[in-house]
There are 2 protein chains.
Amino acid sequence: MPKPTLVDVAKVAGVSAITVSRALRSPDMVSDSLREKVHEAVRETGYMPNKSASALASNRTRSVVVVIPSISNNVFTDVMAGVAEALATAQLTMQIGNAGYDPEEEERLLRSFLNPAPHGVILAGVEQTPETLKMLENVDVPVVQIMDLDDNPIGKIVGFSNTDAAEAGTRHLVEQGYKHIGFLGAQMDPRSQQRLAGFKRALEKAGQFDPRSTATTNLPSDVQMGATLLGKLVSQYPECDAVFCNNDDLALGALFECHRRGIRVPLDFGICGFNNLGITGECFPSVTTVETPRKEIGRLAGQILSVDASEGYDKTIDLGYSLVQRESTTR
Amino acid sequence: MPKPTLVDVAKVAGVSAITVSRALRSPDMVSDSLREKVHEAVRETGYMPNKSASALASNRTRSVVVVIPSISNNVFTDVMAGVAEALATAQLTMQIGNAGYDPEEEERLLRSFLNPAPHGVILAGVEQTPETLKMLENVDVPVVQIMDLDDNPIGKIVGFSNTDAAEAGTRHLVEQGYKHIGFLGAQMDPRSQQRLAGFKRALEKAGQFDPRSTATTNLPSDVQMGATLLGKLVSQYPECDAVFCNNDDLALGALFECHRRGIRVPLDFGICGFNNLGITGECFPSVTTVETPRKEIGRLAGQILSVDASEGYDKTIDLGYSLVQRESTTR
DNA sequence: TTGCAAAATGATTGCGCAATCATTTAGCCT
DNA sequence: AGGCTAAATGATTGCGCAATCATTTTGCAA
């Protein structure tokens with residue numbers, strides 16, 4: 001028994017194939033009785049639409065392409081969860097591409113994903129190659145960039161100001177009275193660079209910036225790297241009495257390294273993270289961090305691509321951030 | 001300028017369309033000179049194959065469907081990363097389905113993903129509904145189950161024995177001299193139940209099992225829940241002096257709660273986790289855990305589905321586990 | 001050279017659906 | 001009832017590719 005097609009359903013329902021197609025896709029265009037008959041026939045035959053045929057005929061898929069820098073970074077899995085949630089209600093599926101923080105790879109992935117044109121595209125950041133921009137223009141597919149802000153996005157952009165967020169976190173350390181504040185950063189992608197800029201801005205405003213204060217690497221970011229970088233920082237900047245971390249993994253690594261070295265947090269040393277992953281609120285001492293609306297960003301990006309006319313949304317949507325003060329900076 | 005098709009490339013190369021198709025898909029079937037000409041024409045036109053048309057004509061996609069219980073669980077993101085890695089080399093893409101620990105939802109997702117037939121399917125565990133099994137049989141698509149073992153998988157199965165792994169972790173606590181060992185578990189899916197069974201087996205063998213020793217919930221598992229469950233455990237089983245946790249998030253939550261309560265780890269209380277997420281090796285004290293080969297499982301599952309004849313692989317592949325002893329159980 | 005098999009290339013067809021255009025039916029006014 | 005418009009339904013076509021079968025070319029032995 002081969003898979004039933006529209007024609008098979010049509011035969012059972014006693015109507016034409018195109019009517020079945022319409023009954024399923026645009027229910028309001030057919031009469032009530034017919035719609036019921038068609039649904040009955042669908043149930044009877046176990047019909048499932050062939051997505052390839054649909055895509056080929058309409059030159060559009062029901063799939064949103066999401067290209068993220070890393071599949072194992074909690075930040076992006078939160079985003080993905082939000083996207084998935086939003087798309088589910090619109091009967092759309094999600095195609096994940098893992099670009100590994102490389103715009104060229106992003107371009108390669110997109111190229112392979114754009115024929116046939118997907119329903120929409122979600123990209124991280126604004127660092128697309130010129131070829132990518134050209135490609136997206138040619139295909140005429142709705143694009144939402146995420147995790148950043150820009151006055152001139154490809155389509156729409158949903159995110160927050162990494163610079164401002166990092167500045168807020170750093171300023172908080174200043175306000176808590178820390179005098180020699182350092183910065184830890186790994187996987188220094190453009191958004192990390194923005195956060196570094198925000199860090200510098202806060203310290204320059206406070207007249208506290210020291211050129212020895214930043215310890216960064218382009219290696220992947222994880223808890224262990226946080227410990228390593230903290231070691232690097234205190235050896236190059238011994239007076240250092242607090243640190244703003246580019247993300248929570250680094251912050252946790254720094255915290256644990258402080259434990260190991262007998263540095264008292266927050267008394268001798270303040271720590272501020274970035275993102276507000278769940279664990280920062282639970283560990284001991286709990287870690288102050290800048291909360292970012294990751295899931296909400298994903299959800300909104302998915303929503304924007306779900307509706308036909310996304311005109312209701314602004315071109316640039318700033319979902320903001322908020323400082324979550326906890327024990328690691330409260331002395 | 002519309003997207004170039006095979007015919008356009010063929011015109012430029014001065015050959016027939018089907019030859020272009022062959023030159024791209026089965027390079028050994030065409031002469032060297034022709035292959036070169038075709039590639040040149042592809043470059044010149046910027047041709048990208050239309051995946052829908054290809055899938056429709058061949059009744060197969062180049063996409064592997066991965067249905068996992070949770071998109072925000074680190075365990076499964078590690079698996080996904082492994083799958084993605086393996087598929088990339090075979091020019092296959094990955095379609096993610098998020099089943100939310102619900103076999104019915106898994107069935108719904110699969111139903112929508114199976115027309116046209118994907119290149120392969122990866123499913124977590126062995127708890128598929130009867131309808132799911134029937135569907136998969138009808139479609140005749142290669143299936144790899146993961147994260148568990150079974151003598152009679154749908155196709156192949158790659159994983160480890162959750163029962164044995166948990167027994168090993170619990171036995172380690174026994175061997176370290178802990179006398180009243182408890183169990184923490186959240187999101188009690190079938191694999192968690194197996195781990196609970198392994199826990200009980202170890203304690204019964206040691207003659208130490210106490211019915212008050214298990215604190216579980218069906219709520220989602222996270223660090224906070226670990227803290228909550230530890231509280232529950234010590235109140236219902238005050239003599240408790242060690243705990244085996246169903247996963248590392250719970251173990252970390254338990255560890256932090258011990259800090260808060262002034263319980264000394266490992267001296268007064270031993271903690272063993274499950275999975276060996278990176279952070280367990282870094283926190284203070286570092287946490288003993290049972291390492292599971294998550295990424296390797298994903299990679300192997302992807303590999304099996306990448307090759308045409310997966311006959312080289314056993315039906316059931318046990319990738320094992322290993323105990324990683326750290327400070328939290330070393331007194 | 002001829003003959004023949006193997007290798008290389010080509011022509012035709014249909015996959016299942018949606019876009020487009022065509023036709024029928026229902027609803028309503030005069 | 002006749003005439004009209006809008007709503008509902010149908011027929012035809014082609015999307016771009018790969019499967020299938022057909023034809024041409026090449027290599028090589030006798």
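Quick note on labels: first sequence line is chain A, next is B, and so on, each numbered from 1. Every value quoted in this text rests on a predicted model; they were computed, and no experiment measured them.
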Would you say [X] reaches [N]'s phosphate, i.e. side-chain N/O to OP1/OP2 under 4.0 Å?
X     : N      : answer
B/R60 : D/dC17 : no
B/R22 : C/dA8  : no
A/S54 : C/dC17 : no
A/T5  : C/dC15 : no
B/S16 : C/dA11 : no
A/S31 : D/dT9  : yes
A/S21 : C/dC17 : no

Seminar exercise, completed: Considering only heavy side-chain atoms of B/L6, the closest of C/dG10, C/dG16, D/dC17 is D/dC17
For this session: Mind checking A/N59 for me? I need base, sugar-phosphate or nothing, with any heavy atom below 4.0 Å counting as a touch.
Result: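 Since no nucleic acid heavy atom lies under 4.0 Å of A/N59, the category is nothing.
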For this session: With heavy atoms under 4.0 Å as the rule, sort B/P116 into base, sugar-phosphate or nothing.
Result: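 No contact.
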Could you verify whether a donor N or O on one side chain and an acceptor N or O on the other, from [X] and [Y], lie under 3.5 Å apart?
X      : Y      : result
B/N98  : B/E105 : no
A/Q145 : A/Q128 : yes
B/S21  : B/R25  : yes

Seminar exercise, completed: Result for 5'-nearest mapping on DNA chain D, choosing between B/I18 and B/S52, is B/S52
Exercise. Taking all non-hydrogen atoms of both residues, which atom of B/D314 and which atom of B/I317 are closest, and how far apart?
Worked result: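 Taking B/D314 first and B/I317 second, the nearest heavy atoms are O-CG1, 3.7 Å.
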